[in-house]
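First listed ligand is number 1; within each ligand, the first listed atom is number 1.
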Amino acid sequence: AIPIAVFASGSGSNFQAIAEAIEQQQLHAKIELVVTDKPDAYVIKRAESKGIPVLAVHPKDFSSKEEYEEAILQALREKKVEWLILAGYMRLVGHTLLQGFASRIVNIHPSLLPSFTGKDAIGQAMDHGVKITGVTVHYVDEGMDTGPIIMQKAVNVIDNNREETEAVIHAVEHDLYVAALKDILK
Ligand code: GAR
């Protein structure tokens, strides 16, 4: 199994989908570590209930982004992690991790990139009034949601209904991320 780490800042529903795909042997990977920058994120509970170790690091406890990422890098090396899977990690990846895992960091984003980068991509799409949005899985580079695209899937916006549109996008994310990781982690 390929040793991976999942990075998340929030609920962790994508983490859950990946962990379940591994349990069902759809993915030949092992989540060695969940890394979060939010020590109260719900993803921590999800990881603990699956017995997966969690590294919760608060960026403000470090004097620089380099030191913050060095601490993470050290934990990743101890676990011999080979791939970083970002799943709602709401922070730009810096040089330290990009160099440590060159071309081995992937992210999922809830829009059809290059549209609606950054935070609240679903809200941005609804506010803009687009009728089609979607989900993108891509490699991570130094930009914000700018790396090479791996897979995309379109989702129809349900007019004036953010909640339902969001539910569809999340369901699509869970399937698309597993499909993309199946392709990548070989
Ligand atoms: C997902 O919709 C993911 O695409 C998005 O955060 C959510 C995390 O949900 N990521 C970004 O917006 C990254 N720019 P989850 O914690 O339930 O997996």
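- When hydrophobic residues (I, L, V, M, F, W, Y) are linked wherever their side-chain heavy atoms come within less than 4.5 Å, the members clustered with M144 are L92.
- Residue pairs satisfying the ring-ring contact (aromatic ring centres under 6.0 Å, His included) criterion with at least one member in residues 127-154, sequence neighbours excluded, are listed as follows: F116-H128.
- Sorted by chain then number, the residues whose non-hydrogen atoms approach ligand 1 to under 4.0 Å are G10, S11, G12, S13, N14, G88, M90, I108, H109, P110, G118, D145, H170, E173.
- In this structure S13 satisfies the side-chain hydrogen bond (donor to acceptor under 3.5 Å, both in side chains) test together with H174, sequence neighbours excluded.
- Side-chain atoms of Q16 and E20 include a donor-acceptor pair closer than 3.5 Å.
- Under the 3.5 Å distance criterion, the side-chain polar atoms of T136 are matched with a main-chain donor or acceptor of S111.
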Query raised in the report: Taking it one step at a time, do I22 and I31 satisfy side-chain contact (heavy atoms from CB on, under 4.5 Å)?
Result: CA-CA 9 Å; I22 292 170; I31 305 173; 3.7 Å; yes

